[in-house]
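The structure under discussion appears below in the form of structure tokens.
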Amino acid sequence: MTEFFQSLGMTYEWAWFVATIAGILLIALPLMLAVAMIIYVDRKVWAAINLRRGPNVVGPFGLLQSFADGLKVFLQETIIPSAANKGLFLIAPIITFTVALIAWAVIPFNSGAVLADINVGLLYIFAVSSLGVYGVVISGWASNSKYPFFSSMRAAAQMISYEVSIGFIIVCVVLWADSFHLNTIIEAQRGHGLGFINGFIANPLLFPLFFMFFISALAETQRVPFDLTEAESELVAGYQTEYSSMSFALFWLGEYANILLMCALTAILFFGGWLPPFDWEPLYLVPGFVWFFLKIFFFFFCFSWVMATVPRYRYDQLMRLGWKVFLPLSLLFVAVISGWLMFTRYGGVA
Amino acid sequence: MIHTIAFYLFAAMVIASAMMVIFARNPVHSVMWLILSFFNAAGLMVLVGAEFIAMLLVIVYVGAVAVLFLFVVMMLDIDYAEMRAGFMRNMPLGLLIALILLAEIVLGIGAYRTGAIELGTPDGTGAAPLGASNIEAIGSLMFTRYVFLFEAAGIILLVAMIGAIVLTHLGSGPARGQQNVSRQNRRRPEEATRNVTPEIGKGIEL
């Protein structure tokens with residue numbers, strides 16, 4: 001994009017600056033729109049599984065429901081509890097929202113269509129997603145209220161626990177793709193399974209990891225069945241209890257942007273990102289970002305499907321699953337996969 | 001140009017937020033400032049081209065260590081006034097430690113300048129191979145030349161971890177509230193519930 005602005009007669013520095021800003025807007029604005037629509041999808045899927053109609057009043061098929069909700073919270077008053085720690089109370093939702101957005105900087109939407117093409121893209125996403133916990137923890141503490149505090153304690157423990165297994169799963173994928181660079185990881189999946197399936201999902205050693213990653217992603221984004229941080233029956237609304245108006249909306253948007261990010265990451269790591277599902281020439285006629293969005297949408301549907309289907313976990317079950325099941329299993333897979341690659345790719349013991 | 005601005009921005013922010021860690025009245029605020037200074041240190045790492053270290057700094061320190069700090073500090077009920085009171089008494093010790101650290105940095109830079117460290121010399125010979133990415137350069141050094149140190153570090157961490165677990169379980173007797181998961185999973189509706197038709201006005205025996 002820098003070349004395009006340079007052709008308009010700008011110097012390189014200005015062209016780079018304008019191109020970066022344009023790229024950020026080009027990602028962030030559609031992302032916000034996608035979040036609004038995906039909330040609608042979430043509610044519709046949930047309603048359909050519950051044999052309800054879901055939102056169907058505002059706009060055709062209720063499509064504008066999220067915008068109506070957005071307008072509503074926008075017009076409300078921001079209430080700050082008098083006992084709250086004002087600065088941190090206001091910063092917390094901003095942190096959640098910002099962190100949810102900045103991770104998208106390295107997501108490749110097509111070959112070359114990426115804002116920041118950095119070498120350590122996957123590590124960057126991992127680093128940024130590990131920051132998501134701060135918004136929750138700070139909001140819980142700054143609210144100076146019991147339920148939000150319980151909720152933030154739970155969130156901190158939960159997110160740290162599942163990050164460990166996500167980390168090991170990412171290591172496995174990186175070992176196989178031989179790179180932290182997201183586009184290289186996607187390219188490594190071209191024709192990976194039987195010569196025509198694009199995606200690590202067709203790899204028998206990485207296939208179980210996909211399920212572990214999906215479940216860990218549910219826990220990391222605090223979706224049902226791991227939504228203990230906002231368990232209505234126990235903690236009112238968890239860390240969001242004291243929030244109103246835009247500060248509440250920022251939590252909401254950030255949460256869904258994070259869910260979309262996890263869906264995108266699942267697509268990139270196991271389903272070949274912007275590659276079509278099969279390595280077959282006519283499929284490449286469809287632009288890459290369409291495949292990518294279809295995959296994200298499919299995984300989001302799975303997220304909603306899970307939400308409408310399963311009951312909430314108990315907290316000790318959640319911790320047990322994280323530390324006693326996923327951690328040893330993913331560690332085992334790291335050992336098995338690195339051993340397998342050592343023998344097949346790097347020619348046995350050196 | 002932009003490189004210089006970024007460097008001074010990050011460096012100033014590191015120092016300023018490190019000062020605020022000490023001067024903040026509220027320990028939770030201190031931890032937040034600490035996180036900010038970690039972040040800016042990561043920014044400095046990116047500037048010198050060590051993006052792998054920068055990411056590790058964010059993942060390990062910001063994503064895990066600082067969360068635990070925050071966790072502990074939030075749960076503590078700290079008397080701020082009492083904490084302030086010890087400031088003058090601890091000042092000489094603090095200054096001493098600061099001096100020692102400063103001397104170590106000066107010594108380290110001096111040794112580096114004279115080329116006493118064979119890792120890399122100021123003129124660039126012996127530095128990591130150009131063209132190789134950060135991760136490859138670190139990996140090729142860590143698993144060949146420094147493999148014993150690397151493994152020793154790993155073993156020390158393992159021992160520390162086992163020690164912490166042992167200390168946690170020491171002298172607490174049999175753990176209470178432990179769940180037997182396989183028993184819970186094996187439980188079926190037939191064993192947990194029963195259907196009764198009690199006579200009117202009688203109720204049931206439990």
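We name chains A, B, ... by the order of the sequence lines, and we start the count at 1 in each one.
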Using 30° and 60° as the class limits, which term best fits the ring planes of B:His29 and A:Trp141: parallel, tilted or perpendicular?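 If you compare the ring of B:His29 with that of A:Trp141, the planes turn out perpendicular.
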Part of [X] lying under 4.5 Å from any heavy atom of chain B:
X	value
A:Val133	side chain
A:Met159	neither
A:Ile91	neither
A:Ile160	side chain
A:Ser152	side chain

Nearest heavy atoms of [X] and [Y], plus distance in Å:
X	Y	result
B:Met74	A:Phe149	CE-CE1, 3.7 Å
A:Ser130	B:Gly63	OG-CA, 3.6 Å
B:Val58	A:Ala127	CG1-CB, 3.7 Å

Might you confirm whether atom [atom1] of [X] has over 12 heavy atoms from other residues, nucleotides or ligands at distances under 6.0 Å?
X	atom1	result
A:Met319	CE	yes
B:Trp33	CH2	no
A:Tyr313	OH	no
A:Tyr147	OH	no
B:Phe71	CZ	yes
B:Phe38	CZ	yes
A:Phe150	CZ	no

side-chain contact (heavy atoms from CB on, under 4.5 Å) assessment of A:Asn119 paired with B:Glu51: CA-CA 8 Å; A:Asn119 247 338; B:Glu51 72 260 10; 3.7 Å; yes
Please test B:Val181 against A:Lys324 for side-chain contact (heavy atoms from CB on, under 4.5 Å), starting from the C-alpha separation and ending with a verdict. CA-CA 12 Å; B:Val181 178; A:Lys324 291 189 177 169; over 6 Å; no
Heavy-atom cut-off 4.5 Å, strictly under: side chain, backbone, both or neither for [X] against chain A?
X	value
B:Val60	neither
B:Ala54	neither
B:Ile135	side chain

Does some side-chain heavy atom of A:Leu131 sit less than 4.5 Å from a side-chain heavy atom of B:Phe39?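 They are in contact (side-chain heavy atoms under 4.5 Å apart), so the answer is yes.
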Close side-chain approach of B:Asn26 to A:Asn85, heavy-atom, < 4.5 Å: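 The answer is yes; the side chains approach within 4.5 Å.
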To the nearest 0.5 Å, what is the distance between CG (A:Asp316) and CD (B:Gln184)?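 Output value for this atom pair is 7.0 Å.
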Examine distances only and state if a side-chain atom of A:Tyr134 and a backbone atom of B:Val62 form a donor-acceptor pair shorter than 3.5 Å.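 The answer is yes, because a donor-acceptor pair under 3.5 Å joins these two groups.
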